[in-house]
Every structure is written in C-alpha cells, then in structure tokens.
Engineer: 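Input: one structure, supplied below.
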Amino acid sequence: MSAIEAIRREAGTQDDLYQEAAQTYGAALERMARAYEADADLRRDLLQEMHVALWRSIPSFNGLCSLRTWTYRVAHNAGVSHVLRQRRTRGQELIGLEELENLPDENSGERAADRRHALDRLLGLIQRLKPLDRHVILSYLEGLDAAEISEITGLSAGNVATKIHRIKKMLARQFEQGGERR
Amino acid sequence: MTEPLDSVQKIWQDQPVEGIKMPAEVIRKRASRFERKVKWRNIREYAASLVTVVLLGYFAATTHDLLSRVSFGLFIAALAWIVVQLHRKGAPKRMPSGVDTLTALRLYRAELERQRALVKSVRSWYLAPLVPGLVVYAAGQALHASTPATWIRLVFLVGFVAAAFRFVWKLNLRAAECLERMIDELNASE
C-alpha cells in the first residue's frame, strides 16, 4: 500500500480530510485571512475562498508534506491571489521587509498599552507587506520554524533565515520602542 | 530580545477568532458553483462557434455563386482554426493545488505571460485566417458589381471590415498592456 493510499484510507473521504484540516487549523486560517484583508466582509469571503481552495486541493494531497504545511500553502496562495486582485482595484502600494525595517516607529513616545493596540499595529504592519514577505512573517508568528517556512514558501533556508532575522529586528524595534508593555 | 518577540507571537496566536465553521456541504456547493460557471462559459463559447459554422454552411450550400461559396468555406476553415487555437493556447490553466508560494507566483506570472502573448499575436491567429475568406468574398462581389451603388456598398463593406479588424486589434493591444501592468505588479510583489 503506497503512502498516498495509506493517507487516503486513514482519512476516509475528501470531506473527512478537509474537516480534519479545517478543525485543526481553522483558527490559523482566520488569523491569516485577517492578515490578508482588513475589511470584515471581504475577509469573510476570503476565508470562505481559503476553505473552498483547501477542500478542492484535498484530492491532490499526496502526503509528501504534512497536512499543516499543505493547509498553510493552500490558504496562503488564496491570500496572495486575493492581495494581488485587491491591489489592482485599490492601487495599494506594498513594501518589502527591508523597507518595513527602515520605517520610522509610528508610535514612538506613545505606549501601546494593551494587547488590542499591539495586535492592530502588528496587523497594520503585516498588511503593508508584499505577499512573500507577508507569508514569511505570518508563518513566523504562527510559530513555524525556518525549515517549515522554507517548505511552505519555496524560499531557500538561507533566504528564510535572513528574512526571519529582519522580522525579529523589525518587531523588536517596533514593539520595544513603541512600547508593547503589558 | 527574545521575551518581547515571544510575546508578539503570543499576541498573534492568542488573538480572538470567531471560530467560523464551514460545513463540507456549504464548501462543496460553492466549489461546484464555480465548476458549473466555468463549464457553462466553455459551452457558450463553443455553441456560439457552432451556430456560426452552421449559418456559414447554410449560406455556402444555398448560394449559387462559386466565389461566395468558396469564401464561406474559407470562413468555416478560419473559424475552425481559431477555435482550435483558442482551445490549445487560450484555455485558462488551473493552478496545481498545494504548491509553495514562490512556485504559485511563478506559475501565475507564466499564465499572465501566456495570455499576453496570445492577445499580442491576435493578428496572426485570429485576424489573418479570416482574410482569405474576406478577399474572395469581396472579389466575388466586385465581379458582380455593375452599378455605382453596388460599388459604394462594397467599399463601405470593406471599410467596415477593416475598421472592425483595427478595433479588435487595438482592443487586444490594450488587453496586452493591462496584462503587462499586472506582470510588472507581480514582479514588484516578490
């Protein structure tokens, strides 16, 4: 019995495997949708798009990567398509991690007193990023390690490591100076 | 530096979520709605071509003029060629599931470049095949044109077709420019 057959047999049907992925990573998908779309209505649509993309992708799931990696890839790709589509209509300018790193701390002098404020600031930063950089920072925030991020994004391990270093530096600067204090 | 970074990760992971449930039934319905839409769009396109071929075939069978019959035959051949080209080169390619983001972006760009090449070359695969039929048809009409009124009608017809060709060409050039911008934006997004 091949690995693929084993996975299929274990998972049962397309619906079962989808339900398993949706149940386990549903909250992560919601957080991703939030990072890709600020508007609540469009975000609901995007989340549904992510779920539909995931359900449709299940028959091609070959077990060569974990269900988590697969789910994140599919959801991120739906998010990236959404960003590129929206960018055409909104004309939004996206920036890279390097530029974000050099941005002045918008909140200097002001203390981000609560988690809500810190989260809003974080989302604001993420939503300005180019798709690939956004993908890396989201995966980092979700707690994925460099190897997993490399597997999901297709970037080399070295490239991911550089990006993570930049992310850490930027976050440290933004949330230490800006005052992510609780 | 680790502690604040850990707390940023924690803030991200602990953010309240609505816990939206997507029943498989709802997902399946939405997915099949999309498949149906694509299927019907294809059926509509092929049906329109079929109706045109049937009409041209009818004209070819009922006309007594040899040149007109030849021209209708050439139009049918041109239409068949166009449909085959559209099917081979123009059918949208479906993105494979579960590919990494870099690959997805590259495939998306390749798809945009393919579409750009198609609309840019509209003169060779769409307009040019129609020319022989048009020339033969116009020649047939010119041979039978005996009064100034028929000549004027013919000149108007040729002018109208030339304007329509130019319009289609310009429209496709504009589409190519739009695709070019999308490719540039995509390059800037990486």
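Residue numbers begin at 1 in each chain, while the letters A, B, ... track the order of the sequences.
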Engineer: A/Q19, A/E151, A/R31: which one forms the most heavy-atom pairs within less than 4.5 Å of chain B?
Structural biologist: A/R31
Engineer: Going only through I, L, V, M, F, W and Y residues with side-chain contacts under 4.5 Å, is there a path from B/V168 to B/V135?
Structural biologist: yes
Engineer: Within a 6.0 Å radius of atom CZ on B/R114, are there more than 12 heavy atoms belonging to other residues, nucleotides or ligands?
Structural biologist: yes
Engineer: Quick one: does any side-chain atom of A/N77 pair with a main-chain N or O of B/V99 as donor and acceptor, under 3.5 Å?
Structural biologist: yes
Engineer: Can you tell which part of A/A27 gets under 4.5 Å to a heavy atom of chain B, answering side chain, backbone, both or neither?
Structural biologist: both
Engineer: Quick one: of A/E30, A/R73, A/R44, who has the most non-hydrogen atom pairs under 4.5 Å with chain B?
Structural biologist: A/E30
Engineer: Any link between B/V119 and B/F165 through a network of hydrophobic side chains (Ile, Leu, Val, Met, Phe, Trp, Tyr) touching at under 4.5 Å?
Structural biologist: no
Engineer: If you round to the nearest 0.5 Å, how far is CG of A/D133 from OG1 of B/T101?
Structural biologist: 11.0 Å
Engineer: Can you get from B/V70 to B/W81 by hopping between Ile, Leu, Val, Met, Phe, Trp and Tyr side chains that sit under 4.5 Å apart?
Structural biologist: no
Engineer: Any chance you could measure B/L102, atom CG, to A/N159, atom CG, to the nearest 0.5 Å?
Structural biologist: 8.5 Å
Engineer: Just how far is it from atom CD1 of B/I11 to atom CG of A/D120, taken to the nearest 0.5 Å?
Structural biologist: 11.0 Å
Engineer: Check each atom of A/E142 against the heavy atoms of chain B and say whether the ones under 4.5 Å are side chain, backbone, both or neither.
Structural biologist: both
Engineer: Are there over 12 heavy-atom neighbours, none belonging to B/Y58, within less than 6.0 Å of that residue's OH?
Structural biologist: no
Engineer: Are there over 12 heavy-atom neighbours, none belonging to B/W125, within less than 6.0 Å of that residue's CH2?
Structural biologist: yes
Engineer: How many angstroms lie between atom CG of B/D100 and atom CG of A/L132, to the nearest 0.5 angstrom?
Structural biologist: 9.0 Å
Engineer: As an exercise: rank A/Q23, A/R34, A/H76, A/E49 by heavy-atom pairs under 4.5 Å with chain B and give me the winner.
Structural biologist: A/R34
Engineer: Examine whether an atom of A/V52 lies under 4.5 Å from a heavy atom of chain B, and if so say whether it belongs to the side chain, the backbone or both; otherwise answer neither.
Structural biologist: both
Engineer: Do the side chains of B/L157 and B/F59 join up, straight or via other hydrophobic residues, at under 4.5 Å, putting them in one cluster?
Structural biologist: yes
Engineer: If you group Ile, Leu, Val, Met, Phe, Trp and Tyr by side-chain heavy-atom gaps below 4.5 Å, do B/L112 and A/V83 land in one group?
Structural biologist: yes
Engineer: Indicate yes or no for a side-chain donor-acceptor contact from B/Q15 to the backbone of A/L119 under 3.5 Å, with no hydrogens or angles considered.
Structural biologist: no
Engineer: Given A/L138 and B/W12, is the side-chain contact (heavy atoms from CB on, under 4.5 Å) satisfied, shown in steps?
Structural biologist: CA-CA 9 Å; A/L138 279 174; B/W12 177 258; 3.3 Å; yes
Engineer: Please state whether the side chain, the backbone, both or neither of A/L123 comes within less than 4.5 Å of a heavy atom of chain B.
Structural biologist: side chain
Engineer: Please classify the contact between A/H135 and chain B as side chain, backbone, both or neither, with a heavy-atom cut-off of under 4.5 Å.
Structural biologist: side chain
Engineer: Crowded around A/Y25 OH? As in, over 12 foreign heavy atoms under 6.0 Å?
Structural biologist: yes
